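A short worksheet on the structure shown next.
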Amino acid sequence: MTKREVERRSRRWTRRSEKPVRYGLVARVADWWCATRDARRGLPDLPADDRTMPDAEIPTGTPHMSYLGQQALGRIEKEWIVYQAEVADPMADMRDLEAEAQALHKELIEAKDRFDRLGASPAGVEKRAGEAETDAQIVAMRRAREHGRKRDQAQADIHRLTAEINQNEARAAQVREQIEIRHRIAMRRAALIEAHIRRRRAAYEKRLVRKHPQGRLLNRLLRPDWPAAPEWTSAESGVTKRPEYARQNGGDRA
């Protein structure tokens, strides 16, 4: 392997990280303001003593927390929509290649069966029209040549179809790689969006605890609950293994 090939393959591991979604001053001040407002209103409403009720029954969320979580889901779903649009054409190519592969495999099976039958059956010595006076040995030689041509043709069909199947698989692998790359990009965008919203929520909760009249109690009761991320954002989702993997997401790049 040449030095250039090594550098090319290692480039994606040494390149700079993606920039996070910008948490601007306006959004930051808005989250702080919401936290201060909610804290002054006593949200969330906590018991005077957390020992009076089980932890599972103690409410620790606020409407703004729910808003931030749903905002993350909405932006991630937008990424899914963008991804669907980006892979629409490659997905159509994949369906065409899959249909072509099925037809080629069927033809290959038939060619192999034909070759096997020709190999298992004798050439034959029957005479045909115009061969009544022809010597039986000559007729047998003719039938043998015809039988051999048929076997050669069947074998040639097998080689041709095998080559076409290999070409089909190579093209399918290229298209599949395109789809996988776009899926990984969409997952990265979704991760950036979630990290951004979690950062906003952390800023909100920090302010909320500081301003809440029962801040010390609230700090102990806050739970790291978060809406479950869509399945497609997981690296184990196997998008290209499902027929519906063209239906995927895109998110707000702001």
Side-chain angles (χ1 to χ4, degrees), residues 1 4-28 30-31 61-99 101 168-206 222-254:
M1 184 181 296
R4 179 173 296 180
E5 289 177 342
V6 173
E7 292 177 350
R8 179 176 58 81
R9 293 192 176 187
S10 62
R11 190 175 300 149
R12 68 190 184 98
W13 304 110
T14 58
R15 64 189 178 189
R16 298 179 62 181
S17 301
E18 294 288 341
K19 293 183 179 180
V21 180
R22 184 172 178 272
Y23 187 16
L25 181 61
V26 174
R28 191 186 303 272
D31 292 333
T62 66
H64 192 68
M65 291 182 188
S66 299
Y67 164 76
L68 291 175
Q70 293 304 314
Q71 186 183 58
L73 290 180
R75 292 187 176 185
I76 290 174
E77 283 303 314
K78 185 178 178 181
E79 283 296 332
W80 177 254
I81 294 172
V82 171
Y83 171 78
Q84 289 178 355
E86 289 178 345
V87 300
D89 290 340
M91 277 299 301
D93 294 339
M94 278 297 300
R95 286 191 291 268
D96 292 341
L97 290 170
E98 289 170 358
N168 175 279
E169 291 176 351
R171 294 198 301 272
Q174 292 176 350
V175 176
R176 192 178 298 111
E177 183 180 11
Q178 294 177 12
I179 297 172
E180 288 287 1
I181 290 173
R182 293 176 183 179
H183 180 231
R184 289 195 294 270
I185 292 173
M187 287 194 301
R188 176 66 63 84
R189 290 173 178 167
L192 290 174
I193 290 170
E194 182 170 351
H196 168 70
I197 298 299
R198 284 180 180 271
R199 185 182 179 191
R200 291 190 60 178
R201 177 161 171 172
Y204 168 84
E205 290 178 351
K206 182 178 179 181
L222 279 175
R223 301 289 185 266
D225 59 317
W226 190 258
E231 181 183 357
W232 69 268
T233 60
S234 170
E236 291 78 23
S237 60
V239 175
T240 58
K241 296 180 178 63
R242 301 189 321 242
E244 62 272 22
Y245 68 107
R247 298 187 279 276
Q248 307 194 358
N249 162 68
D252 193 355
R253 296 170 178 75

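The first residue in the sequence is number 1, and the count goes up from there. What you see is a predicted model; the values in this text were computed from it and never measured.
Between the CZ atom of Arg28 and the CZ atom of Arg22 there is a distance of 9.5 Å, given to the nearest 0.5 Å. With rounding to the nearest 0.5 Å, the separation of CG in Asp93 from CD in Gln174 is 11.0 Å. Note that CD of Gln71 and CD1 of Ile193 are 9.5 Å apart. Values are rounded to the nearest 0.5 Å. Note that the OH atom of Tyr67 and the CG atom of Asp31 stand 8.5 Å from one another [nearest 0.5 Å]. Note: Ile181 CD1 to His183 NE2 = 13.0 Å, rounded to the nearest 0.5 Å. Separating the CD atom in Gln84 from the CE atom in Met91 is a distance of 10.5 Å, to the nearest 0.5 Å.
Residues Val21 and Leu192 approach most closely at CG2-O, 3.8 Å, considering heavy atoms. Taking all atoms of both residues into account, the shortest heavy-atom contact from Ala228 to Leu73 is O-CD2, 3.8 Å. Here the shortest heavy-atom pairing between Glu194 and Ala229 reads OE1-CB, 4.3 Å. Taking each heavy atom of Asn168 and Leu97 in turn, the nearest pair found is ND2-O, 3.0 Å. The two residues Ile179 and Pro90 come nearest to each other via the heavy atoms CG1-CB, 3.8 Å. When all heavy atoms of Ala172 and Met94 are compared, the pair lying nearest together is O-SD, 3.7 Å.
The number of heavy-atom neighbours closer than 6.0 Å to CD of Glu177, taken from other residues, nucleotides and ligands shown, is 12 or below. Remark: Asp96 CG is packed, more than 12 non-hydrogen atoms of other residues, nucleotides or ligands lying under 6.0 Å away.
The aromatic rings of His196 and Tyr23 sit perpendicular to each other, their planes meeting at more than 60°, with 30° as the lower class boundary.
Contacts of Glu205 classified as side chain to side chain donor-acceptor pair (under 3.5 Å), with partners at least two apart in sequence or in another chain: Arg201. Under the rule for a side chain to side chain donor-acceptor pair (under 3.5 Å), the partners of Arg171 that lie at least two apart in sequence or sit in another chain are Glu100.
Residues Gln178 and Val87 fail the side-chain proximity criterion, which asks for heavy atoms closer than 4.5 Å. Two residues are said to be in side-chain contact when any heavy atoms from C-beta on lie closer than 4.5 Å; Tyr83 and Met187 fail this criterion.
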